[in-house]
Amino acid sequence: MSTYKSDFLNTLSTRGYIHQCSDATGLDALAAKGDVTAYIGFDCTAKSLHVGSLVQIMLLHWAQELGQKSIALMGGGTTRVGDPSGRDESRKLLTLEDIEDNKRGIQQVFAKFLRFGSGPRDALMIDNAEWLTKLNYLDMLRDVGRHFSVNRMLAMDSVKLRLEREHELSFIEFNYMVLQAYDFAELARRYGCNLQMGGSDQWGNIINGIDLGRRMGTHQLFALTTPLITLASGAKMGKTSSGAVWLNADMLSPYGYWQFWRNTEDADVGRFLKLFTALPLAEIAKLEALGGSEINIAKKMLADKATAMLHGQKAAEDASETARKTFEEGESAAGLPTLELDLSAGVGVLQAAVLAGFASSNGEARRSIQGGAIRVNDVAVSDEKMQLTAASLNSEGVIKLSMGKKKHVLIKPKQG
């Protein structure tokens, strides 16, 4: 049972967000007065964030909902360096144009979870390029670098693990933790920020920021990290056979996003309702108690609520209706994901299954066919050499390719 005084830490604790906190008593006292200004950094490494970043976005959401101030920090500066945390090789260095393009892509998501503006509790979106690109190297070494011990930096997991595996760590990556620590101190100075939140792999970097802030004379700074989110099966959250679960609609349709949550394993439903929706805990407890086939009610609620938060209520309703028609009425349903293929010379069903994201290889697709899992137009495929051609089109002018009961793609003939 949580004993926190603030709604902020009580909520984060009971919903399962807290892994570590640098000074829970001190942070709780600030939060009880509504004096927390919290930030999380998001580097611009792709055009969209994926579902693995959703826990962090929800942290900022709850901070604002519970009377604190949230800052979403875009890593326009740090992306030029690349975070080595959790990686065995250097990130590809992006051009400035790519970074700006990616930043525009990932900014779209935050307005769905945060209220931005100029009010005292409105969220802020800031780019660390504002200060990092203006730093003078000699001044940085003298004013900031002198506070860092190389011995301590070498002991950081992001560095130590790379070196132990004898994988190269570039000098530019070695500097990443210095820049992240400086971000915290700069946000404290400019905006009164006093809390950095992040995943558990960021603990050491955040503590560096607290230490740098103390040495540079800022007010007291705090750290809070979330646990690594894994599935009950042990797999990493957000990875599927067809790749990452992106948050931008142009990279993953609302229906595909809805389906991702609908396919949640039974053992994960209650935990994910707490982490990825704003449903009250009492309602979640009732859904968790459902047994047998009734657990599907909880899964649909998870899919509906998570999709509505990101894509809006109508998109969630449309996705749910598409699923109902597909699964309960056997219709092709126009809202399903589509794939355009050149059917003039025929496309092997194995290749189509891979292109649809049902399998990662022809061998995996072949095993699915042997197990009776692949269907074309709702008829099980028995011939692994089957070719999809114009003759395979159904009355709606598409081919409905399915794997199991939950994965469906409409194949349309490529024109021209």
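Since we're looking at a predicted model, the values are computed, not measured.
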If you round to the nearest 0.5 Å, how far is CG of Leu281 from NZ of Lys286? 12.5 Å
Looking at Cys44, is its backbone amide N or carbonyl O close enough to the side chain of Thr79 to form a donor-acceptor pair, meaning the two atoms are under 3.5 Å apart? yes
Are side-chain heavy atoms of Arg152 and Asn208 found at a separation under 4.5 Å? yes
Run through Asn263, Leu302, Asp304 and flag the one making a side chain to side chain contact (heavy atoms under 4.5 Å, CB included) with Trp258. Asp304
Could you go through Gln20 and Ser200, starting from their C-alpha distance and side-chain angles, then the distance that decides it, and tell me whether this counts as side-chain hydrogen bond (donor to acceptor under 3.5 Å, both in side chains)? CA-CA 8 Å; Gln20 289 173 292; Ser200 57; over 6 Å; no
So, are Arg271 and Glu288 salt-bridged, with charged N and O less than 4.0 Å apart? no
If we only count heavy atoms from C-beta on, is the Leu279 to Lys305 side-chain gap below 4.5 Å? yes
Side-chain heavy atoms of Cys21 within contact of Phe222, under 4.5 Å: no
Taking atom CE of Met309 and atom OG1 of Thr277, what is their separation to the nearest 0.5 Å? 7.5 Å
Does Leu138 offer a backbone N or O that forms a donor-acceptor pair with the side chain of Asn136 under 3.5 Å? yes
Quick test of your reading of the model: are Lys299 and Glu265 salt-bridged, counting only N-O distances below 4.0 Å? no
side-chain hydrogen bond (donor to acceptor under 3.5 Å, both in side chains) for Asn248 and Tyr257? Distances and angles first, verdict last. CA-CA 10 Å; Asn248 287 15; Tyr257 189 74; over 6 Å; no
Tell me the closest heavy-atom pair linking Asp122 and Lys69, and the distance in Å. O-NZ, 2.6 Å
May I ask you to check whether over 12 heavy atoms, not counting those of Lys112, lie within 6.0 Å of atom NZ? yes
Between the main-chain N or O of Leu247 and the side-chain N or O of Ser48, is there a donor-acceptor pair closer than 3.5 Å? yes
So, the side chain of Asn10 versus the backbone of Tyr4: is there a donor-acceptor pair under 3.5 Å, distance only? yes
In plain terms, say whether Asp211 and Arg215 are close enough for a salt bridge, that is, a side-chain N and a carboxylate O under 4.0 Å apart. yes
Can we call the ring centroids of Phe184 and Tyr39 under 6.0 Å apart? yes
Using 4.0 Å as the upper bound for N to carboxylate O, is an ion pair formed by Glu186 and Arg189? yes
Rounded to the nearest 0.5 Å, the NE2 atom of His147 sits from the CZ atom of Arg142 at a distance of 11.0 Å
Between Gln202 and Asn205, a side-chain donor and acceptor under 3.5 Å: yes
How long is the gap from CG on Leu93 to CD1 on Ile99, to the nearest 0.5 Å? 8.5 Å
Interatomic distance, CD@Gln196 vs CD1@Ile40, rounded to 0.5 Å, equals 8.5 Å
Checking Phe110 against Phe116 for the ring-ring contact (aromatic ring centres under 6.0 Å, His included) test, could you report, in this order, the C-alpha distance in whole Å, the side-chain angles of both residues, the deciding distance, and whether it holds? CA-CA 9 Å; Phe110 291 92; Phe116 292 95; 7.2 Å; no
I want to check something: taking the side chain as every heavy atom from C-beta on, are Met251 and His50 in contact at a cut-off of under 4.5 Å? no
Using modelled atom types only, decide if a donor and an acceptor are shared between the side chain of Ser320 and the backbone of Ala316 within a distance under 3.5 Å. no
Tyr255 (side chain) donor-acceptor with Thr322 (main chain) under 3.5 angstrom: no
Ring centres under 6.0 Å, that's the criterion: do Trp261 and Phe276 meet it? yes
Counting distance only, does the side-chain N/O of Asp7 pair as donor-acceptor with the main-chain N or O of Leu66 below 3.5 Å? no
Which is it for Leu401 and Ile374 under the side chain to side chain contact (heavy atoms under 4.5 Å, CB included) test, yes or no, and what are the steps along the way? CA-CA 7 Å; Leu401 182 67; Ile374 301 291; 4.0 Å; yes
Val409 and Leu355, any side-chain heavy atoms less than 4.5 Å apart: no
Rounded at 0.5 Å granularity, tell me how far CH2 in Trp246 sits from OG in Ser253. 15.0 Å
Flag the pair Ile411 / Lys400 as yes when at least one side-chain heavy-atom distance between them is below 4.5 Å, and no otherwise. no
Do Tyr182 and Asp143 have side-chain atoms, one donor and one acceptor, less than 3.5 Å apart? no
Identify the two heavy atoms, one from Gln64 and one from Ala123, that lie closest to each other, and give their separation to 0.1 Å. NE2-N, 3.2 Å
Strictly below 4.0 Å, N to O, side chains only: are Glu100 and Lys103 in salt-bridge contact? yes
Verify side chain to side chain contact (heavy atoms under 4.5 Å, CB included) between His408 and Arg375, making sure each step is shown before the conclusion. CA-CA 9 Å; His408 307 270; Arg375 298 189 308 284; 3.8 Å; yes
Please walk me through it: do Val178 and Val144 pass side chain to side chain contact (heavy atoms under 4.5 Å, CB included)? CA-CA 8 Å; Val178 178; Val144 178; 4.0 Å; yes
Evaluate Trp62 against Gln68 for side chain to side chain contact (heavy atoms under 4.5 Å, CB included), listing each step before the verdict. CA-CA 9 Å; Trp62 281 117; Gln68 317 303 325; over 6 Å; no
Does any non-hydrogen side-chain atom of Val354 lie less than 4.5 Å from one of Ser360? no
Using the test salt bridge (charged side-chain N to carboxylate O under 4.0 Å, His left out), find all partners of Asp250 that sit at least two apart in sequence or belong to another chain. none
Determine which pairs satisfy side chain to side chain donor-acceptor pair (under 3.5 Å) with at least one residue from residues 21-38, sequence neighbours left out, and list them in order. Ser6-Asp28
For the residue pair Arg121 and Gly34, what are the closest heavy atoms and their distance? NH2-O, 2.5 Å
Minimum-distance pair of heavy atoms, taken over all atoms of Leu287 and Ile295: O-CD1, 4.4 Å
Check side chain to side chain donor-acceptor pair (under 3.5 Å) between Asp101 and all other residues, then give those that pass, not counting sequence neighbours. Lys47
Do you know the tightest heavy-atom contact between Leu179 and Thr78? CB-CG2, 4.1 Å
Grab the two heavy atoms, one from Leu221 and one from Gly209, that are nearest each other, plus how far apart they are. CD1-O, 3.8 Å
Is there a side-chain contact between Leu343 and Leu393, using heavy atoms and a 4.5 Å cut-off? yes
